[in-house]
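Structure, as structure tokens:
Counting starts at 1 for both ligands and their atoms, following the listed order. Values reported hereafter were calculated over all heavy atoms of this structure, with side chains retained and with hydrogens, waters and symmetry mates removed.
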Amino acid sequence: MFADIENNKFIKKPSTVSIISFPFNGGQSHPGVELGPKELIGLGLVDQLKEMGYGIAETSGVVDTESLKPTVVAKGLNTNNTEWVSAACKELSSRVEAECRKGFLPVTLGGDHSLAIGTLNGSLKVFGDKLRVLWVDAHADINPLNETASGNLHGCPLALVCGIDKSPFFDWIKEHLGFDKLVYIGLRDVDLPEQKVIKKHNIKAFTMYHIDKYGISKVFDMAMDYINPNRDLPVHMSFDVDSMDPSVIPATGTPVRGGMTFREGHFLCEAMAETGCLVAMDLAEVNPLLGDKEAQFKTIDIGCSLVRSALGETLL
Ligand SMILES: [Mn+2]
């Protein structure tokens, strides 16, 4: 296995990855997504990263999301499991923050994409105004909390991270991401309230239309030119596996046809590694209980290879 793990501009040498398992399903309605981290590691992700030459931090471990489940929940909220998502993400934030401060590269394995409320808060605390975010997803995940139709918080993380919503249930979020520091790649299913938010705040978004029109290489360059023109700023990549076409990654809770091909997804991750600017990564929405055995294996296997590509695995 070949890898370039020395070109990262922000990670302390020798390069160390902190695998943070976040077995959490409270941000959506399909059981099984909490098993994602265990299955990804079970298929050998940690061993593969070691083989690439990374040190693996011993301290990051597993967030005990079950123990953070509240016994009493507020009634009348528009969102589901609000207190649980908040408590679990607050804990996740402090894990990511701690690993970044050590100069390690945290890779958070989900779990549903509400996890980004925590991971982005953690990296924002360390990198502040310099932090840039690449959000790879079929969905925009920026529904205001009072406007989400499903009530599922995995469709809302960016509303909280960007400060559109200042919910009292998330009052631990003090740092917010500027709209000009965020870029989307892969969108193809955007809710009406999200369309309004994206237009109002002029958020840069490359949809599948742009990938078809320009190709993934140009789209990646344009996305980086927008958030990180000199390739000298730290980037947190939040990768939802539903950005990929369901024929490639079938075992995920909210698949949408017309997604990225196997190579488009891997190219994007390889290009991210090549910038040397990746400081944190999320891999969200792997659900090992959905679909048949083949669908489940494909999803977990390709989930691992996307992480390896983002961390510098090369073909030669
Ligand atoms: Mn998502």
Side-chain angles (χ1 to χ4, degrees), residues 22-30 32-34 36-37 40 79-81 85 88-89 92 96 107-121 123 133-145 147-162 164-165 177 182-195 197-198 203-208 211 223 235-246 248-260 264-265 268-269 272 280-287 290 299 302-303 306-307 310:
F22 192 65
F24 186 72
N25 64 20
Q28 49 84 66
S29 55
H30 299 280
V33 72
E34 73 281 2
L40 289 158
T79 48
N80 310 320
N81 300 318
V85 171
C89 286
L92 179 57
V96 171
V107 174
T108 300
L109 307 176
D112 73 65
H113 214 174
S114 66
L115 63 86
I117 300 166
T119 59
L120 289 180
N121 184 260
S123 52
V133 174
L134 173 58
W135 194 275
V136 186
D137 206 315
H139 312 90
D141 294 356
I142 197 161
N143 273 293
L145 271 59
E147 290 179 71
T148 155
S150 69
N152 293 331
L153 278 163
H154 76 157
C156 308
L158 284 170
L160 289 159
V161 170
C162 294
I164 297 165
D165 272 291
L177 181 74
L182 164 67
V183 65
Y184 288 114
I185 294 181
L187 301 187
R188 56 194 183 278
D189 182 11
V190 182
D191 299 329
L192 190 59
E194 296 181 308
Q195 291 173 9
V197 166
I198 289 169
I203 303 173
K204 195 74 164 174
F206 296 94
T207 68
M208 288 309 298
I211 295 180
V235 177
H236 183 139
M237 178 164 74
S238 201
F239 197 109
D240 188 323
V241 297
D242 72 23
S243 59
M244 304 290 283
D245 192 79
V248 182
I249 294 243
T252 188
T254 48
V256 189
R257 64 185 173 181
M260 286 195 289
E264 284 168 342
L268 189 160
C269 290
M272 187 64 241
M281 177 177 182
D282 312 326
L283 188 79
E285 303 284 356
V286 167
N287 188 329
L290 296 176
T299 301
I302 295 172
L306 289 166
V307 173

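Remark: the H113 side chain and the D137 side chain contain an N/O donor-acceptor pair separated by less than 3.5 Å.
No donor-acceptor pair closer than 3.5 Å links the side chain of T148 to the backbone N or O of L145. Proximity of a side-chain donor or acceptor of E194 to a complementary backbone N or O of D141 within less than 3.5 Å is detected.
The Mn ion (ligand 1) has H113 ND1, D137 OD2, D141 OD2, D240 OD2 as its protein N, O or S neighbours under 2.8 Å.
Between H236 and W135, the ring centre distance reaches or exceeds 6.0 Å.
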Check: What do the steps show when you test N152 against S29 for side chain to side chain contact (heavy atoms under 4.5 Å, CB included), and what is the final call?
Finding: CA-CA 7 Å; N152 293 331; S29 55; 4.1 Å; yes
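Listed by chain and residue number, nothing satisfies the side chain to side chain donor-acceptor pair (under 3.5 Å) test with N287 (two or more places apart in sequence, or in another chain).
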